[in-house]
Q: 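Submitted below is the structure of interest, expressed as structure tokens.
For the numbers below, each heavy atom of this structure counts, side chains included, while hydrogens, waters and symmetry mates do not.
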Amino acid sequence: MPLTRRNFLAGAGSLALVGPGGDEMARALQRRQPDPVVLPGFPFTLGVASGDPHQNGVVLWTRLAPDPLAGGGMPPTDVAVQWEIARDEHMRQVIRRGTAVARPEYAHAVHVDVHGLAPDRWYWYRFRVGDWVSRLGRTRTMPPPSRRPRTLAFAFASCQNYPAGYYTAYRHMADDDLDLVVHLGDYIYEGGPGSGPRRHDGPEVTTLDAYRNRHALYKTDPDLQAAHAAFPWAVTWDDHEVDNNYAGDVPEDGGPSEPFLQRRAAAYRAYWEHLPMRVPAPTGPDMRIHRRIELGALATVHLLDQRQYRSPVPCPQVISSAGPVCDAVDDPNHVLLGAEQQQWLADGLAASRSRWQVLATGTVMSELDLLKPSEPKFVNLDQWDGYPNARAQLLEAVVASGVDAVVISGDIHASGVGAARLDYDDPDAPDIATEFVGTSISSTASSAFGTLVDQIVESHPHIQWADAAHRGYVRCTLSRDEYRAEYQHLDTALEPDSAIRTATSWRVEPGRPGATRTG
Ligand code: FE
Ligand code: CA
């Protein structure tokens, strides 16, 4: 289809651009469309993606990058990108199409917020620039809140350090029977070349250009592209999207916040450019990404940001980020989600009428005392264990709203099943929110943690199972009567063609926090 003013305007009515001044941009585009440009090569090297689905729409994503690992290779001009979305995989019943503008200031990334789709069904989409056509992506809308209960399935994943292993888990995920993928963070790692079967192609990234090239390196992986092309995603971040273990405006190595906030701005912007999110593009070091995804009447997924607003850990950290819990964590000014997000979450839990409240958080919520039973408690202070007041406030909101809450978390490159509680000193204290900790896609588990796993399970009444030996993802299948979690474990992520198997299965029933093993 040639790009003409008429077919551009036909699409403009259904097109909303995500980003600063979206309306302004749409109006400006109606006045003038970019001149045709000649691209130096195939521009869709990073694949396609979709995300943040609701009952009538979804965000479609791509980025034009003929030379993906070296800045993209695009001319420094606006480029018109045609998109179309169809009811069938042969693209015969196209129901929406339009033109978006890829702008050099956003690395020629495109986010199209498509509206007006029918609820609860699959769609197929693709992009085109001139004669270049992207691969086909598949996505879907969510059921409306009124729809009779049915089953929905999502996978959750985290921690995909590129050098540490292959993304074989994503190849298997792409073939799985899912409706959504939730990513809990460490989508990229900022560090240098690394070790394992692959290498980062440069030193630690700190600038916008370098973060863009790092995201592009990850996105060139065919297995990651396949998982993005197969399902809509809902993403939140943890630390490595910017800097290991950073807290708010404080970098890993401490130091002044001003240069770090410039780095954070670059990292957040590159993250926005490379992921299919319905949030405005950041214009500085701040980017509000906590938001909700509604899975009809079955579940509300609360995507939490437990990184951007947190206070730095006030206790001595003896081994990496682990150390004894100190009294300073009880200071009322020591926060994790921040006051605004904490209130947003409490309000959301109180207002939601869906069956399951899924709390998607990068780091582990339940207490994990690494040296139990010796005293004092020795925990990873980068997890919720470093922020016990934030955890208590959240769990009190769960109790007050009477909801069925399930925490999904990552970060520790290990699998675990347990439950968050308000009291960890009384072994008979009730479970408040079931927690499923998902292992990494490729990142290596700490060997020290591996040797402690059995002892941790034995000494913690609220932890039922753990495994640090496998990489993979977790499949969650939700119905009115049951929340099922199945741990999908690779034999190894160190070789490219590993098989995957269900290591163990768990179920949660409404009104009864805590999981029961079923397989
Ligand atoms: Fe990680
Ligand atoms: Ca992390």
Side-chain angles (χ1 to χ4, degrees), residues 153-178 180-187 189 196-198 221-224 226-227 230-231 233 238 358 360 362-364 366 368 406-418 434-458 463-478 483-508 515-519:
F154 67 85
F156 72 91
S158 64
C159 294
Q160 51 201 48
N161 193 13
Y162 183 90
Y166 294 101
Y167 291 170
T168 321
Y170 278 134
R171 195 183 316 161
H172 293 291
M173 188 191 288
D175 291 333
D176 205 339
D177 187 11
L178 304 169
L180 180 73
V181 174
V182 179
H183 199 285
L184 301 175
D186 292 357
Y187 188 92
Y189 280 68
R198 306 197 282 190
D221 184 281
D223 296 329
L224 178 58
F231 314 106
W233 284 41
D238 191 26
V358 180
T363 56
V364 172
S366 305
L368 208 55
V406 176
V407 177
I408 57 174
S409 60
D411 176 55
I412 58 171
H413 312 167
S415 306
V417 175
T434 312
E435 179 162 8
F436 294 113
V437 182
T439 186
S440 54
I441 288 289
S442 61
S443 305
T444 318
S446 123
S447 55
F449 189 70
T451 60
L452 292 172
V453 158
D454 290 344
Q455 180 202 325
I456 286 170
V457 173
E458 202 162 305
I463 300 176
Q464 292 166 273
W465 173 81
D467 170 273
H470 296 90
R471 318 280 71 81
Y473 67 93
V474 182
R475 180 197 305 125
C476 297
T477 308
L478 281 59
Y483 185 118
R484 191 150 34 105
E486 293 162 300
Y487 282 76
Q488 303 305 111
H489 281 176
L490 287 175
D491 294 337
T492 177
L494 299 175
E495 290 159 22
D497 297 310
S498 174
I500 204 161
R501 65 194 169 84
T502 302
T504 179
S505 311
W506 298 76
R507 75 181 298 224
V508 188
T516 308
R517 190 167 188 160
T518 56

Q: If we ignore hydrogens and angles and just use 3.5 Å, is the side chain of His489 paired with the main-chain N or O of Gly472 as donor and acceptor?
A: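 Answer holds: no.
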
Q: After noting the C-alpha distance and the side-chain angles of Phe436 and Tyr483, does the key distance pass the ring-ring contact (aromatic ring centres under 6.0 Å, His included) rule?
A: CA-CA 11 Å; Phe436 294 113; Tyr483 185 118; 5.8 Å; yes

Q: Taking all heavy atoms of Leu184 and all of Asp238, pick out the closest pair and write down the distance.
A: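 Looking at all heavy atoms of both residues, the shortest contact is O-CB, 4.1 Å.
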
Q: If you compare all heavy atoms of Asp177 against all heavy atoms of Ala153, which two are closest, and at what distance to 0.1 Å?
A: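 Shortest heavy-atom contact: O-CB, 3.7 Å.
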
Q: With rounding to the nearest 0.5 Å, note down the distance linking CD1 in Ile412 to CG in Leu368.
A: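 The CD1 atom of Ile412 sits 5.5 Å away from the CG atom of Leu368.
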
Q: Short question: side chain of Ser442, backbone of Ala164 - any donor-acceptor pair under 3.5 Å?
A: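 Checked: no pair found.
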
Q: Hey, could you give me the OH/CG distance between Tyr166 and Leu494, rounded to the nearest 0.5 Å?
A: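 The CG atom of Leu494 is 9.0 Å from OH of Tyr166, to the nearest 0.5 Å.
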
Q: Please identify each residue that fulfils ring-ring contact (aromatic ring centres under 6.0 Å, His included) with Trp506, with sequence neighbours left out.
A: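 ring-ring contact (aromatic ring centres under 6.0 Å, His included) check on Trp506 returns nothing, list empty.
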
Q: Could you walk me through whether His470 and Thr439 pass the side chain to side chain contact (heavy atoms under 4.5 Å, CB included) check?
A: CA-CA 7 Å; His470 296 90; Thr439 186; 5.5 Å; no

Q: How close do Pro197 and Gly165 get, counting heavy atoms only, and between which atoms?
A: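 The pair with the smallest heavy-atom distance is CG-CA, 3.8 Å.
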
Q: Partners of Phe231 by ring-ring contact (aromatic ring centres under 6.0 Å, His included), sequence neighbours excluded?
A: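 Listed in chain order: nothing, the list is empty.
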
Q: Determine whether the side chains of Ser440 and Arg471 contain a donor N or O and an acceptor N or O closer than 3.5 Å.
A: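 There is such a pair (donor and acceptor under 3.5 Å, judged by atom type) between the side chains of Ser440 and Arg471.
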
Q: Checking side-chain polar atoms at under 3.5 Å, does Asp176 have a donor or acceptor matched by the opposite partner on Tyr473?
A: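 Yes - a donor-acceptor pair under 3.5 Å links their side chains.
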
Q: Only pairs at least two apart or in different chains count here, so list each salt bridge (charged side-chain N to carboxylate O under 4.0 Å, His left out) that has a residue in residues 438-448.
A: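 Those involving residues 438-448 do not exist here.
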
Q: Backbone N or O of Gly519 within a donor-acceptor pair of the Arg517 side chain at under 3.5 Å?
A: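 At least one qualifying donor-acceptor pair exists.
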
Q: Could you walk me through whether Val474 and Gln488 pass the side chain to side chain contact (heavy atoms under 4.5 Å, CB included) test, one step at a time?
A: CA-CA 6 Å; Val474 182; Gln488 303 305 111; over 6 Å; no

Q: Could you tell me which non-hydrogen atom of Val437 sits nearest to which non-hydrogen atom of Glu435, and how far apart they are?
A: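 So the minimum-distance heavy-atom pair works out to CG2-OE2, 3.8 Å.
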
Q: Would you check, one step at a time, whether the test side chain to side chain contact (heavy atoms under 4.5 Å, CB included) holds for Leu224 with Tyr187?
A: CA-CA 11 Å; Leu224 178 58; Tyr187 188 92; 3.5 Å; yes

Q: Quick check: does any side chain N or O of Ser498 sit under 3.5 Å from a backbone N or O of Asp491, one acting as donor and the other as acceptor?
A: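 It does hold such a pair.
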
Q: Report the C-alpha distance between Asp411 and Asp186 in whole Å, list the side-chain angles of each, state the deciding distance to 0.1 Å, and finish with yes or no for side chain to side chain contact (heavy atoms under 4.5 Å, CB included).
A: CA-CA 8 Å; Asp411 176 55; Asp186 292 357; 4.3 Å; yes

Q: Please name all residues satisfying side-chain hydrogen bond (donor to acceptor under 3.5 Å, both in side chains) with Asp497, sequence neighbours left out, ordered by chain then number.
A: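 If we apply the side-chain hydrogen bond (donor to acceptor under 3.5 Å, both in side chains) test to Asp497, skipping adjacent residues, the hits are Arg171.
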
Q: Does Leu490 reach the side chain of His172, with side-chain heavy atoms less than 4.5 Å apart?
A: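 Side-chain contact under 4.5 Å: yes.
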
Q: Measure the OG-CD1 distance between Ser158 and Ile441 for me, rounded to the nearest 0.5 Å.
A: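 Taking OG in Ser158 and CD1 in Ile441, the distance rounds to 7.5 Å.
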
Q: Identify, with sequence neighbours excluded, every residue that meets ring-ring contact (aromatic ring centres under 6.0 Å, His included) alongside Tyr167.
A: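 Tyr167 satisfies ring-ring contact (aromatic ring centres under 6.0 Å, His included) with Tyr170 once adjacent residues are dropped.
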
Q: Quick one: closest heavy-atom pair of Gly450 and Ala468, and the distance?
A: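 Closest pair (atom of Gly450, atom of Ala468, distance): CA-CB, 3.8 Å.
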
Q: What's the separation between atom CZ in Arg198 and atom CG in Asn161, rounded to the nearest 0.5 Å?
A: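 Arg198 CZ to Asn161 CG: 9.5 Å, rounded to 0.5 Å.
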
Q: Can you see which heavy atom on Ala360 is nearest to which on Val182, and at what distance?
A: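 For Ala360 and Val182, the tightest heavy-atom pair comes out as CB-CG1, 4.3 Å.
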
Q: For the residue pair Tyr487 and Trp465, categorise the inter-ring angle as parallel (less than 30°), tilted (30 to 60°) or perpendicular (more than 60°).
A: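 It falls in the perpendicular class, over 60°.
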
Q: Mind checking the OG1-CZ spacing from Thr518 to Arg484? Nearest 0.5 Å is all I need.
A: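 CZ of Arg484 is found 7.5 Å from OG1 of Thr518.
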
Q: Does Glu458 have more than 12 heavy atoms from other residues, nucleotides or ligands lying within 6.0 Å of its CD?
A: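 For Glu458, atom CD is not crowded (no more than 12 foreign heavy atoms under 6.0 Å).
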
Q: Does Phe154 have any ring-ring contact (aromatic ring centres under 6.0 Å, His included) partners at least two apart in sequence or in another chain, and if so, which?
A: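 Phe154: no ring-ring contact (aromatic ring centres under 6.0 Å, His included) contacts found.
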
